[in-house]
Participant: 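Take this structure, written in structure tokens, and hold onto it; I'll ask about it next.
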There are 2 protein chains.
Amino acid sequence: MSTKTKKVTINDVARMAGVSKRTVSRVINGSPLVGEETRKRIENVIESVSFQPDKQARGLASKRSYLLGLVYDNPDALYIDQVQRGALSICSELGYELVVHPCKWHEPDFVDNCLKFIARSNVDGLLILPPVSESKLLAKALQDADHPYVRIASADLDDHDNIVISNERAAMAEIVEHLVELGHNNIAMITGPLHYYSSQERLGGFKTSAQKAGLTLADNHIVEGKNNYESGLACAEQLLSLPQRPSAIFANNDEMAAGVLRVAHTLGIKVPEQLSVIGFDDNLFASRVIPSLTTMRRPVEKLAMLATQKLVGHFQHDGISTKVETIVDPYLIKRESTAKPQDKGAATAT
Amino acid sequence: MSTKTKKVTINDVARMAGVSKRTVSRVINGSPLVGEETRKRIENVIESVSFQPDKQARGLASKRSYLLGLVYDNPDALYIDQVQRGALSICSELGYELVVHPCKWHEPDFVDNCLKFIARSNVDGLLILPPVSESKLLAKALQDADHPYVRIASADLDDHDNIVISNERAAMAEIVEHLVELGHNNIAMITGPLHYYSSQERLGGFKTSAQKAGLTLADNHIVEGKNNYESGLACAEQLLSLPQRPSAIFANNDEMAAGVLRVAHTLGIKVPEQLSVIGFDDNLFASRVIPSLTTMRRPVEKLAMLATQKLVGHFQHDGISTKVETIVDPYLIKRESTAKPQDKGAATAT
DNA sequence: TTGTATGCGTTATCAC
DNA sequence: GTGATAACGCATACAA
């Protein structure tokens, strides 16, 4: 049996409160031009019949949909849930909904695809996750079309109204510090693809921090990976077959760090006794592998919340704190894969 | 510089085609009551100005939002991306968008929370993922309110119009078969929480298949876990300290299987030589752990696609194939963690 | 401080 | 087959 009750509209509320719907509208939208007593009366009615203004109608009349779009393309998107929850915690507070748009940002019609998404969904603005957030083309297209957006990224590559940044240089400093504290002075790095700003940022941070710590970085201790498991394997093989084998390897993400663990296992190199490994992301499996992985975690949910606030601030100028943070720091999760370096002589039996 | 062009409306199209907007509307909605020639003309205009009917206006007039809601609560939601892509591949074909609603289905106001979500977002229907899909309360509430929904689940617990099922009994048969083929006859199982239908389904399937294969299942070889890593550890410790230690363990999900691997490692039990381990889900880390995990994978994307088709079929009776599959089979991914059982005597050195 | 009138872009009713 | 015209629920110039 259906208990669906006919929707109560602004007219009903107006009638019940004995005012015109214009006044009800004012109350809904928080206009100050309403008598205190009138407002109270109307608010009571709204409360008692649990009236909710219709998003469709509202949007049609005001040119706003109260929908936010989430653009992403991380295939191993473990984050996606955290992002969605973070964004929605702000959204629901402000009366917005989140419409998702997974995409393939390497395909030629990618920008067009996003533009079409905006056109057909009428989203008021876009939240853009890495790595898509690094796309200049998309940003440019959105600016040209005056479409509000905020990107979540690892480098400072936009006006601070349009971006929230994870400070990955600071992250690298923390990583180097951790390794140096443990006594490592022979550190290698598997970078991500260097056409990514995020990869450059981390490499830059790594170099700077290493230098500050008085470490010398051999050129062949820095190799470029592809941010996937397979390339982690390849790079690890390369690094671990070096005559002067590093005592610690930082991999640009956990996927590649898992590759390092695998190769070390195959070669009989013990982690962390003979080799320390650090990843980045704190993926689901980081705490599950053996040994569990020391890694950097970004405050993903917070990033999403900040980005959402910032985005809504673009087109709604009430109830929103004007200034929201732009830069947040990742933090190190210390686990089993890092330790003091030991003599890396013959691999001793189990 | 903004290149935002004024939106072209149905009126523009009507004017350009020299007809009334009612006729254009007919064409848009595929009404048969339009002259062949008129239709062609209108379609051409629509094409040439790339007109897209406005969702808001459409919704306001027709009581439909062209939005679908996605309700889920999987904290380790690796699936969520696959689900969203699967659902959207159908959605975009049909002109729908996907609005996400992560929730906490164990909180008391959960059902109410979902109902409110529907009310404020105006979604036309709900896609419900496991484990939320097992909630009787939600299903009942939706039926009572006449809200279309489709759940994705592991057991046949609803009218086939409202559900898409992953056949997990068949999955268990495949698992048992695999182990038997390898020569195991001493198999243990770590179930999920037995108040889940999915857990019961798998346990039932396991027992049935084992019996068919002529295996005897010791009572103490079946322990109930909580589907998380920690309980995987606990259950594994219990099973592996048994005098008659099993030669193979099936864990209800990969998280718990990872726990088994960890305990085996700690106890010096070699996997797969002395112990075979099978998980369920093919989580991101299943292929990354050492040894990589043999596990069952559900065709998640396909499930999502079927569910979406089914859902849209509830309120749109054209352009949709009426009958879509209801049951799909998971399949076994064989990796390193399963092998022939060997003598489990003294642990031999590496 | 409050109300009137009009419009947003579609669908739906009914007449032609 | 086709076309005026009235909803749909809300916001907003403009009045009062």
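Note that these values count all heavy atoms, side chains included, but never hydrogens, waters or copies made by symmetry. Remember, it's a predicted structure, so these values are computed and weren't measured experimentally. Here is how names work: the chains are called A, B, and so on, in the same order as the sequence lines, proteins then strands, and each is numbered from 1.
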Participant: Nearest-nucleotide wise, let me know which of B:G18 and A:Q52 is further upstream toward the 5' end of DNA chain D.
Facilitator: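 Nearest-nucleotide comparison on DNA chain D picks B:G18.
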Participant: Determine the contact category for B:F51: base if any of its heavy atoms lies under 4.0 Å from a base atom, sugar-phosphate if only primed atoms, P, OP1 or OP2 are that close, otherwise nothing.
Facilitator: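 Sugar-phosphate only.
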Participant: Tell me what A:V24 touches on the nucleic acid: a base, only sugar-phosphate, or nothing, going by heavy atoms under 4.0 Å.
Facilitator: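 The residue A:V24 makes no contact with any strand.
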Participant: B:T23 has a side chain; which of D:dT2, D:dG9, C:dT2 sits nearest to it?
Facilitator: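 The listed nucleotide nearest to B:T23's side chain is D:dT2.
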Participant: Would you mind classifying the nucleic acid contact of B:K63 as base, sugar-phosphate or nothing, using non-hydrogen atoms under 4.0 angstrom?
Facilitator: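 B:K63: backbone/sugar contact only, no base atoms under 4.0 Å.
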Participant: Quick one: which of D:dG9, C:dT10, D:dT2 gets closest to the side chain of A:A57?
Facilitator: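 Given the options D:dG9, C:dT10, D:dT2, the side chain of A:A57 is closest to D:dG9.
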Participant: Respond yes when some side-chain nitrogen or oxygen of B:N11 is under 4.0 Å from OP1 or OP2 of C:dG9, and no when none is.
Facilitator: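 For C:dG9, neither OP1 nor OP2 has a side-chain N or O of B:N11 closer than 4.0 Å.
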Participant: Just by distance, no angles: are the side chains of B:K21 and B:T9 close enough, under 3.5 Å, to form a donor-acceptor pair?
Facilitator: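 Side-chain D/A pair, B:K21 to B:T9: absent.
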Participant: Nearest to the B:R58 side chain among D:dC10, C:dT10, C:dG3, which nucleotide is it?
Facilitator: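 Of D:dC10, C:dT10, C:dG3, C:dT10 is nearest to the side chain of B:R58.
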Participant: Would you say A:V19 and A:V13 make side-chain contact, with heavy atoms under 4.5 Å?
Facilitator: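 A side-chain contact is absent here, since even the closest heavy-atom pair is not under 4.5 Å.
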Participant: Rounded off to whole Å, could you give me the CD-to-P distance for the A:E37 and C:dT1 pair?
Facilitator: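 A:E37 atom CD is separated from C:dT1 atom P by 13 Å.
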Participant: Is the distance from OP1 or OP2 of D:dC10 to the nearest side-chain N or O of A:S25 less than 4.0 Å?
Facilitator: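 No, no such contact exists.
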Participant: Can you tell me the distance, in whole Å, between the CD1 atom of B:I42 and the C1' atom of C:dT10?
Facilitator: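 Roughly 15 Å, once rounded to whole Å.
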Participant: Taking CD from A:Q316 and P from D:dA11, how many angstroms apart are they, rounded to a whole number?
Facilitator: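 To the nearest whole Å, that distance equals 12 Å.
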Participant: Is the phosphate of C:dT2, meaning OP1 or OP2, less than 4.0 Å from a side-chain N or O of A:T38?
Facilitator: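 For C:dT2, OP1 or OP2 has a side-chain N or O of A:T38 closer than 4.0 Å.
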Participant: Any donor-acceptor pair under 3.5 Å joining the side chain of B:R26 to the base of D:dT2?
Facilitator: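 Present.
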Participant: Using a distance-only test with no angle check, is there a side-chain donor-acceptor pair under 3.5 angstrom linking A:N74 and B:D81?
Facilitator: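 No, B:D81 and A:N74 have no side-chain donor paired with an acceptor closer than 3.5 Å.
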Participant: Expressed in angstrom and rounded to an integer, what is the separation of A:D54 atom CG from C:dG9 atom P?
Facilitator: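 So the CG-P distance, A:D54 to C:dG9, works out to 17 Å.
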Participant: In whole Å, what is the span from the CD1 atom of B:I28 to the P atom of C:dG9?
Facilitator: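 Between P of C:dG9 and CD1 of B:I28: 13 Å.
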Participant: In the structure I gave you, are the side-chain heavy atoms of A:V100 and B:L70 within less than 4.5 Å of one another anywhere?
Facilitator: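 When only atoms from C-beta onward are counted, B:L70 and A:V100 do not touch, as no gap falls below 4.5 Å.
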Participant: Of the nucleotides D:dT2, C:dT10, D:dA11, which has the atom closest to the B:L33 side chain?
Facilitator: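 Looking only at heavy atoms from C-beta outward on B:L33, the closest nucleotide is D:dT2.
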Participant: Is a donor-acceptor pair below 3.5 Å formed from side chain B:R22 to base C:dA12, judging by atom type as modelled?
Facilitator: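 Between C:dA12 and B:R22, which were checked side chain against base, a qualifying N/O pair under 3.5 Å is present.
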Participant: Any base atoms under 4.0 Å from A:E36, or only sugar-phosphate, or nothing? Heavy atoms, all strands.
Facilitator: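 If one applies the 4.0 Å heavy-atom cut-off, A:E36 turns out to touch nothing in the nucleic acid.
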Participant: Would you mind reading off the distance between A:N122 atom CG and C:dT10 atom P, rounded to a whole angstrom?
Facilitator: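 My rounded result for the distance is 10 Å.
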Participant: Here's a test of your reading of the structure: between B:A61 and B:V34, which maps to the more 5' nucleotide of DNA chain D?
Facilitator: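 Closest to the 5' end, via its nearest nucleotide, is B:V34.
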Participant: Atom CG of A:L60 and atom P of C:dT6: how far apart are they, to the nearest Å?
Facilitator: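 Nearest whole value for this atom pair: 18 Å.
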Participant: Under a plain distance cut-off of 3.5 Å, with no hydrogens placed, do B:H314 and B:D124 share a side-chain donor-acceptor pair?
Facilitator: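 B:D124 vs B:H314: no donor-acceptor pair found between side chains.
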Participant: Quick one: which of D:dC10, C:dT11, C:dC8 gets closest to the side chain of B:S62?
Facilitator: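 That would be C:dT11.
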Participant: Give me each pair satisfying ring pair (Phe, Tyr, Trp, His ring centres under 6.0 Å) with a member in residues 31-69 of chain B, each pair once, sequence neighbours excluded.
Facilitator: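 Residue pairs with at least one partner in residues 31-69 of chain B: B:Y66-B:Y96.
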Participant: Between D:dA4, C:dG3, D:dC10, spot the one nearest the side chain of B:S20, thanks.
Facilitator: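 Among D:dA4, C:dG3, D:dC10, the one nearest the side chain of B:S20 is D:dA4.
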Participant: To the nearest Å, how far apart are A:I10 CD1 and D:dA11 P?
Facilitator: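 Those two atoms, CD1 and P, are 5 Å apart.
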